[in-house]
Amino acid sequence: MTQLALVIDLNVCVGCHACVTSCKEWNTSGLSGPLSDFNAYGKDPTGTFFNRVQTFEVGVYPNTETVHFPKSCLHCEEPPCVPVCPTGASYKRAEDGIVLVDYDKCIGCKYCSWACPYGARELDENQKVMKKCTLCVDRIYDMNLPERERRPACVLSCPASARLFGDIHDPESEVSRAIREQGGFELMPEWGTKPANHYLPRRKMRLHLHEDELVRADNPLKKEEYMPKPDINEPTLDDVMPW
Amino acid sequence: MAPTYRADEPIPSEDRTGERKLDTTCYMCACRCGIRVTLKDGKVRYIEGNPDHPLNKGVICAKGASGIMKQYSPARLTKPLKRKAGAVRGEGKFEAISWEETFQILEERLGNIRATDPKQFALYTGRDQMQALTGLFAKQFGTPNYAAHGGFCSVNMAAGMVYTIGGSFWEFGGPDLDRAKLFVMIGTAEDHHSNPMKIALSQFKRNGGRFIAINPVRTGYAAIADEWVPIKPGTDGALFLALIHEILALGLYDRDFLVKYTNSAELVNMDEKSSEYGMFVRTEVPVEEGCFDPQNKLWWDREADRPVLSHAEGVDPFLMGEFALKDGTPVKPAFQLLKERVAEYTPEWAAGITGIPVETIRRLAHEMGVVARDQRIELPIAWTDAWGHEHQTMTGNPVSFHAMRGLAAHSNGFHTIRALSILMTVLGTIDRPGGFRHKAPFPRPIPPCPKTPSTPLAVKPNTPLDGMVLGWPADPDDLFVDDDGEPVRLDKAFSWEYPLAVHGLMHNAITNAWRGDPYKIDTLLIFMANMAWNSSMNTVNVRDMMADRDENGDYKIPFIVVADAFMSETVAFADLVLPDTTYLERHDVMSLLDRPISEFDGPVDSVRVPVLPPTGDCKPFQEVLIEIGSRLKLPAFVHADGRRKFRDYPDFIINYETEPGSGIGFLSGWRGNGGEKTLRGAPNPRQWEMYAANDCHYHYELPRSYQYMRNWNRGYLDWAQRHRLTRYAEPILIHLYSEVLQSFRLAAQGKGISRLPPQRLRKRVETFFDPLPFYYEPLESQRTDTAKYPLNAITQRPMAMYHSWDSQNAWLRQIHAHNYLYVNPKLAKGLGIDDGDWIWVESQWGKVRCMCRFSEAVEPGTVWTWNAIGKASGAWNLSPDANESQKGFLLNHLISEELPPEPVTGTRCSNSDPVTGQAAWFDVRVRIYKADAAEPEQTSPQFKPMTTPPGVRKRPKLWQALFGGSSEFDMSHTGERS
Amino acid sequence: MHPAFSVIFLTVLLGFGQGTFLALATAEIYAYFDLLPMPPQSYFNAAGAFVALAFLTGGLFASFFHLGRPERAWRTATKWRTSWLSREVIALPAFMGAVFLYLLVHFFEWNPVIIERIGAPPVTLSLVIVAIGTVLAFVLFVCTAMIYASLKFLQEWHTPLTVINYILIGGASGFLFTAVLASIVQPDLTYFFGGLSALLLVLATGTRIASLIRNLRLRPKSTLQTAIGVHHRQIAQKTQGAMGGSFNTREFFHGKSPLFLKSARWGFLVTAFLVPFALTIVAIAIERPEPLFLAVAIQAAGLLVERWFFFAEANHPQNIYYQSIA
Ligand SMILES: Nc1nc2c(c(=O)[nH]1)N[C@H]1C(S)=C(S)[C@@H](COP(=O)(O)OP(=O)(O)OC[C@H]3O[C@@H](n4cnc5c(=O)[nH]c(N)nc54)[C@H](O)[C@@H]3O)O[C@H]1N2
Ligand SMILES: Nc1nc2c(c(=O)[nH]1)N[C@H]1C(S)=C(S)[C@@H](COP(=O)(O)OP(=O)(O)OC[C@H]3O[C@@H](n4cnc5c(=O)[nH]c(N)nc54)[C@H](O)[C@@H]3O)O[C@H]1N2
Ligand code: SF4
Ligand code: SF4
Ligand code: SF4
Ligand code: SF4
Ligand code: SF4
Ligand SMILES: [Mo]
């Protein structure tokens, strides 16, 4: 069975928020829009976003790592948010594993958001229905779009290509390979939700120098030893040796 | 309610009837990515990156994707405005007027100025991408008082590198991350090459490159670095000099590169009594007129042990040593002088200044040197050098650097950047695979040819300025000063105070005009710069100056015109407001005459075409300039008989030529009648359509053999000359040793053969015009009680905000609604400050109350904040209690536009680099302390809330939801759409 | 979690309603086995059923305030196979129906005998309804409590104690209320209900304190480390990605200080348990109903605090992701 998902490479994510606003932009006017904003030009502006980028600091100065951390619905394989929904508005699609909300059924009881350990759902407080990442289901199957564009908006936008998209059940897919080869991990594995979205860890590139690399035969300094020829008239042994 | 999905039904496809996709160029920032705008029924549905665009290859950034919310922002100006009779400047009380009235006011006022004293008109432009046009307008008007943002932005970067290698970072060149193995990024948070940098950086990391970030702060790009090297602000010069020291000491430099492609081996006159002291020794080779660097210097032949003409066939010169010419003149190769210069600059010395451990400094030098030497790239590209030697391969030493304002925005930035350029040079990484690479029209001769006039006589009534408004002085005779050596320009650029101020000093213009030093002006036109806020230092006082009146009750700056698209802080100070269109509503050109979007592989320029009609009475500022230019009968805009030459801006772009028949215009692509010519050719009436049909850009890919080593590449140089990118096709040798600087120093020492600086500035010029880079503590620190103000305060650009202009953007402001001062917990705890506390930040100039946020990712002697998030209350049509004004703050209040008077002479100088006039934003020293518990939880200073002028739409209350493509907004309370 | 007043009222009122009905049921069963000096009279039962129904209706009414789109509330009944919320939505009207029938039976005093067996008292319609109603009351308790107890990430709730507490607290409050009602309508039953309410209160106090102790000892299973998959001892969030707050910052955190929380805990222990218990004992001892009135009033207030605390105390793991703005 297909399980579509995002794989987010923390090794290259620079925290630019492109995925945040391109998601908002696509979806507010898309099939699952609008995404309402409250106090858009006033105090404490707030609104519905499907994807947020957060920042964490790891370690103590000067050994600090700054980690940018994008998070949207993880499309869990065992999604705790789905069975709790009393109306069936929340569901997981059998054919591709995308977890969706049917706004026409949702009563805005928020129970599903309580059941999501990841804080990935957001109630649209204007429309009073629960919203969340749809994995851009209205893009990826839209045959009116060129094939290249049949990918989530956030994936297309990401300047660092830190967001991979594909079927994690297909072992040959780019995402499966990335998870396998680069140590892809799940968030909060302790709950057994089996998030479909995975994250790739930071990696470090180091250089090891050997002593002898700093002293080499072809050192150009050798060419700079200025040895002017002595004046022909300067004393030599020729002047004193009798034989 | 929007249609949604049913568990039991297939996902419906979006209804795409009434949809159109149009390509244009983004302008949510200066990066200029290609975008594809989807319109539905004439409304923006979606903006995405254009996959066929060379710059961004389909990606977009947070700002670009929020363009819709800029288009529909409630902060937009939509009508020309005149200050209400009787209203006080700064109150922002306006009446709407017609464009005809607007033009009449301008025509009359500017006409009078031009007929009497053109320099009474000053034109300053901020994040403008058409300086070629605004500069042309100023020149045609005849005023010397023109500058764009470069002086307060990063002119140190441009000048420091262009005067050294003939090209620069910024938009003019960059690191070849495609082939680099080691990449060192210094003092960069975001930069103009926003998306391309991110694309390249992730590719570089995926390919296994090693990435080192040198920055007092670890965020953004530095976050994903393999190694973060925290450094004390303003000390990078010391680090680079120590790296050069170590590299020279170990012989890790690229000798061959230095000999052939730089002036390292050229012999410098060391006779202190000579008027040529410190200049290169020249032989009798006929000197050509102009800007270029004649190849008439000497080398010392290693084999023959005698001086020879540089680049003499088969000669291997000494780089080190000291010699005497036949006439007894002592000489040394320039490289020897560099070696002597860095002798004292040991890693141990630098460690004490930079705060970087000495082992780290050594290791960095070794890594750079060994990677450059041992991981050398050989590309199978044959090329011919400027001396006619053929090379079978193109070699590269794969160590790349990138640096920006972290180096530039310090008063020692010019020399720091010279030091970095020289570091890159000794590693042999200039315009080579895996190193630094130029972008057309760079490299330029050193210095580039354009010059300003050099005398006040060049400013004459009813006459265009005799010379360029901005230029590149090669020696003191190129300065724009009067007989006493005093400035001709209002901002004092190109004077002895800031001789190489190649981008002007906008940050001093208002203060100077207010004070009448060097003179008073009449009309100040500000375009796309928020000078009453974030692009001025000392903002509180500058605002007062803008509204200040003399004894007669007249404004000290009599007339202020602001051309803006939004309700910025500066708009409140205008007498006349010209409402501009947004980038989606106008034609624009990113021209080779200005700042094109060239790639490493060749010139690229691009355009914007309108995808939407103008909103309200908005008019593109370009159209306004052409209209005024035509009405004032500026020669470039009218025929000889005074008839208007250009219908409008698009017509101007197509038909304007730099000189009649020159074939050089704003756009380089599809020139010639049928679009068959490149770079140079007759005007093409269908040029706009051809750009529009080609993703709004023109990309000329150079032959592979012309893509590297362009300073010395015969093929490239000839090509550039033939296509009139440059006048000369001489090799552009790297100025490891700068004779240009030495010529100013000689003048200051009274030795030169040119003009001499006024007495009060001699010491200053002598000190700072050192032909070799040296380290000095930033000027402000030198004149600050650093025991009292121990900390450095700096800013960074957030990736999701552009300067001051995105707070009006409903989506972006949710990411950065206000800002904190980031403080290392170790520092804060010692001061009894806790995370989230309200604190005071105080410099010797002023103080600001704000909130503190702990961060382990900042050097403990440094505090920092995001730039320009704080706003004045009510500006940008935000509610007066918006976070931006109540919790957000502007660091600029703490930064002075002038330095404390010089202790001995009492001379007043700009808070800028003494060589280039670059604004020293990052020099400010501060202390922090906890705010009293009784104080309000609100930032200080506060300003009276700005009033909303006519034509600006009401901001929506409570809910807002964009549903692009159908109706603009849904602002109902229920969220039900009909 | 952020305690929503709709849910606080919903659960407290339902508890009252269920408890009251269970009290009536207990009296009837006692009477059936002839353990009461004087069986409950129809008018008493009717009054009691009316009050219980009023509580339940009030709860139902409050629940609508919790829904964003109450007009679609009917849909909530569809997912009873998986959702405790859905089950509650079915159990509540079913239970209310039983109470309503019970009200009718006693209001119209039409209580035919349904089963007659030799050697045992006849089983009346009322008794049958009592049996069904009792089952439904417990089902409803379980459904309501399981809405919370089934969420395993909310470790404070994810325990059988949640179900037990809902039953015992609801029961105690209902019995106490019934005692007060009896003191007005059928005073001879006052101390029967009073005594049972005191007993239930003792049990409830025990299990509630047990849950408090358990929760104080809980170690959160999710940490910053598991949340972002970085294994380092020192991790701190700097930005949560939205400065003006978001649904995630409003829905899952009470926004009150630890001190406030602590006061609330002691507050409800005193007002919902200790004081009502003491007053009930006093009432029984002095055989005067007035202290019971006071006890009900104080307990009602205390239970609102208890329920507020119940929600506030629950620490949602999602909060790990929403700690800091900058
Ligand atoms: N998103 C976004 N992009 C932008 C802009 C924007 O406003 N928003 N503005 C555009 C403009 S006009 C410009 S000029 C460019 C500028 O782009 P950048 O040059 O990246 O400018 P800053 O954000 O000022 O970054 C300065 C960096 O230098 C560091 N720094 C400060 N002092 C020192 C020092 O002494 N040594 C070292 N090593 N580092 C130091 C700071 O910590 C910071 O990381 O960005 C452009 N791009
Ligand atoms: N403390 C501190 N201060 C700094 C810096 C720093 O690092 N630290 N950086 C400095 C640098 S590098 C720069 S470049 C400056 C930038 O400073 P400014 O040049 O002042 O830039 P903005 O704030 O973007 O303001 C530009 C103005 O252009 C307007 N605008 C936007 N779009 C349009 C348009 O399409 N047409 C017209 N006519 N107007 C438009 C905006 O509304 C705004 O009023 O700030 C400088 N100030
Ligand atoms: S767009 Fe890509 S790089 Fe930017 S924050 Fe999102 S994932 Fe990270
Ligand atoms: S991340 Fe949350 S909302 Fe998404 S499927 Fe998993 S539990 Fe459900
Ligand atoms: S809020 Fe909507 S989707 Fe979530 S549980 Fe309630 S009905 Fe289901
Ligand atoms: S997949 Fe689509 S809906 Fe989900 S975060 Fe990305 S852009 Fe948003
Ligand atoms: S980087 Fe600048 S030009 Fe490119 S998409 Fe972003 S805002 Fe637009
Ligand atoms: Mo800038």
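Computed from a predicted structure; not experimentally measured.
- Looking at Ser324(C), neither its backbone nor its side chain comes within 4.5 Å of chain A, counting heavy atoms on both sides.
- Of the residues considered (Pro317(C), Ser246(C), Ser222(C), Ser86(C)), Ser222(C) shows the highest number of contacts with chain A, using heavy-atom pairs under 4.5 Å.
- Looking at Leu224(C), only its side chain comes within 4.5 Å of chain A, counting heavy atoms on both sides.
- If you measure heavy-atom distances from Pro117(A) to chain C, the contacts under 4.5 Å come from both the backbone and the side chain.
- The OG1 atom of Thr64(A) sits 8.5 Å away from the NE2 atom of His232(C) when rounded to the nearest 0.5 Å.
- Residues of residues 52-62 of chain C lying within less than 4.5 angstrom of chain A, judged on heavy atoms, are absent.
- Looking at Tyr118(A), the atoms closer than 4.5 Å to chain C (heavy atoms on both sides) sit in the backbone and in the side chain alike.
- Here Pro45(A) is the residue among Gly15(A), Pro45(A), Ala120(A) with the most heavy-atom pairs under 4.5 Å with chain C.
- Between chain C and the options Met130(A), Arg121(A), Glu186(A), the largest number of non-hydrogen pairs under 4.5 Å is found for Arg121(A).
- For the set Gly88(A), Gly47(A), Ala89(A), Pro189(A), the count of heavy-atom pairs under 4.5 angstrom toward chain C peaks at Gly88(A).
- Arg52(A) has its side chain out of reach of Tyr321(C): every pair of non-hydrogen atoms, C-beta onward, lies at least 4.5 Å apart.
- Residue Lys262(C) places its NZ atom among 12 or fewer non-hydrogen atoms of other residues, nucleotides or ligands, all under 6.0 Å distant.
- Interatomic distance, OG1 of Thr239(C) versus CD of Glu57(A), reported as 9.5 Å (0.5 Å rounding).
- The shortest distance between side-chain heavy atoms of Phe247(C) and Thr46(A) does not fall below 4.5 Å.
- Distance check: Trp114(A) CH2 to Leu85(C) CG gives 9.5 Å after rounding to the nearest 0.5 Å.
- Annotation for Arg180(A): atom CZ counts as buried by contact number, over 12 foreign heavy atoms lying within 6.0 Å.
- In terms of modelled atom types and a separation under 3.5 Å, the side chain of Tyr111(A) and the main chain of Ser83(C) share no donor-acceptor contact.
- Pro80(A) is listed as a side-chain neighbour of Phe153(C), based on a closest heavy-atom distance under 4.5 Å.
- Here Gln240(C) is the residue among Glu88(C), Arg233(C), Gln240(C), Gln323(C) with the most heavy-atom pairs under 4.5 Å with chain A.
- Contacts between Val53(A) and chain C at a heavy-atom distance below 4.5 Å involve the backbone alone (N, CA, C, O).
- Checked by atom type, the side-chain pair Glu251(C)/Ser113(A) shows no donor-acceptor distance below 3.5 Å.
- The neighbour count for Tyr141(A) OH, taken as heavy atoms of other residues, nucleotides or ligands under 6.0 Å away, is above 12.
- Shown are Phe185(A), Phe56(A), Tyr199(A); of these, the side-chain contact (heavy atoms from CB on, under 4.5 Å) with Ile228(C) is made only by Phe56(A).
- Checking side-chain atoms of Arg69(C) against main-chain N and O of Cys106(A) turns up no donor-acceptor pair under 3.5 Å.
- With a 4.5 angstrom heavy-atom cutoff, Val230(C) touches chain A only via side-chain atoms.
- Summarising the local packing, CZ of Phe311(C) is surrounded by more than 12 heavy atoms from other residues, nucleotides or ligands at distances under 6.0 Å.
- Listed options Lys238(C), Met1(C), Met243(C) were ranked by heavy-atom pairs under 4.5 angstrom with chain A; first place goes to Lys238(C).
- Residues Lys105(A) and Arg72(C) form no side-chain contact, since every pair of their non-hydrogen atoms from C-beta on lies 4.5 Å or further apart.
- Taking each heavy atom of Cys109(A) and Leu67(C) in turn, the nearest pair found is CB-CD2, 3.6 Å.
- Here Glu190(A) is the residue among Glu65(A), His68(A), Glu122(A), Glu190(A) with the most heavy-atom pairs under 4.5 Å with chain C.
- When all heavy atoms of Ala227(C) and Leu187(A) are compared, the closest pair comes out as O-CD2, 3.3 Å.
- Taken from CH2 in Trp191(A) to CG in Leu151(C), the straight-line distance is 10.5 Å, to the nearest 0.5 Å.
- Here the straight-line distance linking atom CD1 of Ile107(A) with atom NE2 of His66(C) works out to 8.0 Å at 0.5 Å rounding.
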request  = Starting from the C-alpha separation in whole Å, work towards a yes-or-no answer on side-chain contact (heavy atoms from CB on, under 4.5 Å) for Gln237(C) and Phe69(A).
outcome  = CA-CA 10 Å; Gln237(C) 186 178 53; Phe69(A) 183 81; over 6 Å; no
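- Residue contact with chain A, scored on non-hydrogen atoms closer than 4.5 Å, involves the backbone of Ala73(C) exclusively.
- Residue contact with chain A, scored on non-hydrogen atoms closer than 4.5 Å, involves the side chain of Arg250(C) exclusively.
- In this structure, no portion of Lys43(A) lies under 4.5 Å from any heavy atom of chain C.
- Heavy-atom distances place the backbone of Ala77(C), and not its side chain, under 4.5 Å from chain A.
- The distance from atom SG of Cys85(A) to atom NZ of Lys79(C), rounded to the nearest 0.5 Å, is 8.0 Å.
- A donor-acceptor pair under 3.5 Å is absent between the side-chain atoms of Thr226(C) and the main chain of Met188(A), judged by distance alone.
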